[in-house]
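Some notes on the structure that comes next.
Naming convention: chains lettered A, B, ... in sequence-line order (proteins, then strands); numbering from 1 in each chain.
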Protein chains: 2
Amino acid sequence: MSTGIKIHLNEHLFIRDPEDTGLGRDIIQTSVRMIDTLGFEQFTFKKLAHEMGSTEASIYRYFTNKHKLLVYLISWYWVWQEYQIEINIKNIGDTKKQLLKVLDIIANPTVDFTKNTQIDIEALYRIVISEASKSYLTKEVDELNKKGMYADYKRLCKKIADLILLLNPDYIYANALVSMLIETANQQAFFALHLPSLTNIKKNKDEKIDVSNFLSQILFAAIKK
Amino acid sequence: MSTGIKIHLNEHLFIRDPEDTGLGRDIIQTSVRMIDTLGFEQFTFKKLAHEMGSTEASIYRYFTNKHKLLVYLISWYWVWQEYQIEINIKNIGDTKKQLLKVLDIIANPTVDFTKNTQIDIEALYRIVISEASKSYLTKEVDELNKKGMYADYKRLCKKIADLILLLNPDYIYANALVSMLIETANQQAFFALHLPSLTNIKKNKDEKIDVSNFLSQILFAAIKK
DNA sequence: ATAATTAAAATAGTAATACTATCTTTACAA
DNA sequence: TTGTAAAGATAGTATTACTATTTTAATTAT
């Protein structure tokens, strides 16, 4: 399915496009693994360079700093999600069923997808759960937003909001509802793992967390006429 | 109303209780102002010490590191919120009206409250909006949780969930709903300020952001039988 | 085939961060 | 007056987050 797709991202996200070179792809691959295991705060370019057998200076030719690399990775994820959603709903006629599928993909992104050769999607999904909000929760947010760094996330939200408006054109909170649902998907997954008393979602038999029922209950209750 | 209340927090949150000494209170007061203006990443104990006319070493006698100080401040905020909620709903008979008041307090915490002499609540609220999730989005979360560092937040959520269960005892997602609503209140306020296309909430005439209508629409739609 | 260009490695260095340690001064209490 | 604890003063360390420079290797253009 997603094997070999090339994801092109806003050029402000990097200095040199990491998709273009072996070293660039290695930076992405290795940083995903390392941020997943170390957490974003403990992750450094020095450790990354050491792990890759490269140098700090080489990495700085691709990304100005580790925060930009995080923004890049999260953006990559949203583009990948948009693609997954697109190919999975295009043959569904009913808008309500399309939305159910969308929520399922958002809540269970690593189920039922073909392995991507480049990026460890399961690790990236864990990064999204724990670190995604740090990509915008920064004093730089307005500056970065002006440069279009959150465009991929915003486009994904808009597409889903448009589906909602198809079902209920009078609903005035479509954008808020969508961003809430996406953020909630990751947040509740985090709570299920670390602060279980804040949620009702539990691991199922396969040790997986499925927030999609909660999300769809909220969504369809909210937009009911 | 809240003038002079002394808020007592889990003793694992600090080394020496900052409420006990002048220097301690100064640390809290000044750090709230500085984290608000600089953002958490740019804020350091060195800058704080310099601003206070004290020394780094002195601050380290109160908090092991700046992250713990953040956890302390956020925890302080939830205790303060719980208190605001308590005194504001105790004379309301109807549970539904109580919940509406709760959402109003969560969404508009700085409206209609008596000034606290110690802490700049408006600055602290801005910190909550931009930095609160960083208090738990860390690799240390399980360790900190075990020590009870998130107990105040969890207790607040539980109290609100109990109100919801009073209205609809069969609702299976009460905890998830509450944590979603609280997180959403701050998130949508952030989006309204910095990523407006992700929300439908706009500043009103007084330049204030009021998410409470959105929250109540979601809440009551979700728990409707 | 050679020269020109570019990528990346190797090395070095700096300012700031996140601490830790120690010693002195001050204050107040026993 | 002596003891104790808080806080100030000072110093120092390892790590972080970079920047700069030089060298080597690989590609591409002529």
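Separating the NE2 atom of A/His50 from the P atom of C/dA8 is a distance of 20 Å, rounded to the nearest angstrom. When rounded to the nearest whole Å, the span between CD of A/Gln42 and C1' of D/dT16 equals 11 Å. Distance, A/Met52 CE to C/dA9 C1': 12 Å, rounded to whole Å. Taking atom CZ of residue B/Phe63 and atom P of nucleotide D/dA7, one finds them 13 Å apart after rounding to whole Å. Rounded to whole angstrom, the span from the CZ atom of B/Phe40 across to the P atom of C/dA18 amounts to 9 Å. At whole-Å resolution of the value, CG in A/Leu23 and P in C/dA10 are 12 Å apart. As a whole-Å value, the separation of B/Asp26 CG from D/dA6 C1' is 15 Å. Residue A/Ile59 contributes atom CD1, which lies 12 Å from atom P of D/dA17 at whole-angstrom precision.
An OP1 or OP2 oxygen of D/dA5 is reached within less than 4.0 angstrom by no side-chain nitrogen or oxygen of B/Arg61. Dashed line: the shortest gap from a side-chain N or O of A/Tyr62 to OP1 or OP2 of C/dA8 is under 4.0 Å. Put simply, A/Thr21 has a side-chain N or O that comes within less than 4.0 Å of OP1 or OP2 on C/dA8. For the pair B/Lys46 and C/dA18, the criterion of a side-chain N or O lying under 4.0 Å from OP1 or OP2 is not met.
The side chain of B/Thr55 lies closest to D/dT10 when the candidates are D/dA7, D/dT10, C/dA10. Among the nucleotides C/dA21, C/dT17, D/dT19, the one closest to any side-chain atom of B/Lys47 is C/dT17. Residue A/Glu56 has its side chain nearest to D/dA17 when only D/dA17, C/dA18, C/dA8 are considered. Between D/dA9, D/dT16, C/dA8, one nucleotide has an atom nearer to the side chain of A/Thr44 than all others, and that is D/dT16. Side chain of B/Ser58, nearest nucleotide from C/dA7, D/dA7, C/dA9: D/dA7. Of all nucleotides listed (D/dG8, C/dA21, D/dA6), C/dA21 comes nearest to the side chain of B/Ala57.
Classification of A/Asp162 and A/Lys159 as a salt-bridged pair fails, no side-chain N sitting under 4.0 Å from a carboxylate O.
In terms of modelled atom types and a separation under 3.5 Å, the side chain of A/Asp152 and the main chain of A/Leu9 share no donor-acceptor contact.
Residue-to-nucleotide proximity on DNA chain D shows that, of B/Gly53 and A/Phe43, the 5′-proximal contact is made by B/Gly53. With the nearest nucleotide of DNA chain D identified for both B/Ser54 and A/Glu41, B/Ser54 has the one nearer the 5' end.
B/Tyr60 comes within 4.0 angstrom of a nucleotide base, judged by non-hydrogen atoms across all strands.
A/Lys90 NZ to A/Asn88 CG: the interatomic distance, rounded to the nearest 0.5 Å, is 8.5 Å.
A/Phe190 and A/His194 have tilted rings, their planes meeting at an angle from 30° to 60° on a 0 to 90° scale. Ring geometry for B/Tyr136 against B/Tyr153 counts as parallel: the plane angle stays under 30°, on a 0 to 90° scale with 60° as the upper cut.
Annotation for A/Ala189 and A/Val211: closest pair N-CG2, 4.2 Å, computed over non-hydrogen atoms.
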